[in-house]
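See below for the structure under consideration.
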Amino acid sequence: MEEKKFNQIGVSFKGSGSYVPDQILTNQKISKKVDTSDEWIKSRTGISERRISSLGDNVTDMGYKAALNAIEKANWDVNTIDLIVLATSTPHDLFGSAPSIQAKLGASNAVAFDLTAACSGFLFALITASQFLKGGNFKRAVVIGADQLSSFVDWNDRRSCILFGDGAGALAIEATNEFDNFIGFNMRTDGERGSFLNLPFKNDRDSIIDNIDFLRGGFSPIQMNGQEVYKFAVKEVPIILKKLLKETNYSSERVDWLVLHQANQRILDSVGDKLKIPREKILSNLEKYGNTSAGTIPLMIDEAIKNNKIKQNDIIATSGFGAGLSWGAALIKWG
Ligand code: ACO
């Protein structure tokens, strides 16, 4: 076992970045494709428009731009980065997209890998990277959440296509031996309920040669039981957040910002109500971007920092939830 390189006790948050593609798909435009309306989508979800990737906006491109942004905010030399974790369910290369981001950044001293946990992906990646930093072998990490679900949405299914968009966000985090701004976390999965939301392998059988079959690679579009996912989110997210607050001895009054995975405004409001967190503390940008899967949480944090909402030493309660089923929560202090 390798000796610890650093005697670190905690994690500090140094910078944020984000990127969304230019193409905007409004509710009005979707209404020309499937039988829906701006009024229906807006009232049921809070979403008005979403961004759609085109050539030059794949997960590697988006993740790179978000990461570069975060690194510039942190004022880091790329050669000092030890770790890059990319949370994505839609890599540009199934073997992993994080090393391509590493190469584009020129962060040649870093190790880079992908992590898949759908809409919980960013949170799981942030927790993973933080554990590496607290473990004492790495000093600086960039955690990216990027997804391009537009490539896997069934654009004829009005029950799901209205929800998703493309985008990326990233945070630059650093180990420190003075304090710990990563206050606590919780993570859960329940594969028994996994069938509520899938992006499944196609199982297209083909033959290599006599009597030897193989399954041709490829994925079916997203399949979702919206009502079950909704019920899961409004039940489990408040439970995991309340548990985390209790374990860390924080009351919900001490939370400055609630940053939830941006799935549906009604889910955000319901979770806030159950935690008795007032609406003005619940950050939301899903009106403009819809659900960008692993991208939502860092995209929201970056926007709130740029808008002077999240400030140094603010307490952020965050939760990601989605396919798997998977969900998690983290309590952090910005800075
Ligand atoms: N436009 C118009 N009508 C619609 C649309 C639409 N886009 N979609 C569904 N309907 C109709 C249905 O056909 C149904 O009609 P019926 O009563 O005649 O059968 C009616 O509207 C109600 O449908 P519900 O499914 O009950 O609508 P609901 O209020 O549950 O809203 C929604 C649907 C928005 C999908 C909601 O269930 C939801 O947000 N669920 C959570 C989904 C989610 O967040 N998924 C992502 C998780 S994150 C991840 O890991 C990727």
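Every number for a ligand or one of its atoms is a count from 1 in the order of the listing.
Taking 4.0 Å as the cut-off between side-chain N and carboxylate O, Lys311 and Asp314 do not count as a salt-bridged pair. Using a cutoff of 4.0 Å between basic side-chain nitrogens and carboxylate oxygens, Asp61 and Lys65 are not scored as salt-bridged. Ion pairing of Arg140 with Asp82 is absent here, as no side-chain N (NZ or NE/NH1/NH2) approaches a carboxylate O to less than 4.0 Å. Taking the charged nitrogens against the carboxylate oxygens, Lys231 and Glu228 do have a contact shorter than 4.0 Å, which makes a salt bridge.
Atom-to-atom distance recorded for His261:NE2 and Leu123:CG is 11.0 Å, nearest 0.5 angstrom.
Considering both main-chain and side-chain atoms, Arg158 comes within under 3.5 Å of ligand 1 through a nitrogen or oxygen pair. Between Asn291 and ligand 1, not a single N/O pair is under 3.5 Å apart. Taking only nitrogen or oxygen atoms, main chain and side chain alike, Ala323 reaches within less than 3.5 Å of ligand 1. Considering backbone and side-chain atoms alike, Arg266 places an N or O below 3.5 Å from some N or O of ligand 1. Taking only nitrogen or oxygen atoms, main chain and side chain alike, Thr36 reaches within less than 3.5 Å of ligand 1. Remark: ligand 1 and Leu163 share no N or O pair separated by less than 3.5 Å (distance only, no angle test).
Ligand 1 places these atoms under 4.0 Å from at least one heavy atom of Thr45: 34 (C). Residue-ligand proximity, Phe321 to ligand 1, at heavy-atom distances under 4.0 Å covers atoms 48 (S).
Note on ligand 1: Ile222 sits outside its first shell, no heavy atom being nearer than 4.0 Å. Remark: distances from the non-hydrogen atoms of Ile162 to ligand 1 include one below 4.0 Å.
Side-chain N/O atoms of Ser160 and Asp157 include a donor and acceptor closer than 3.5 Å.
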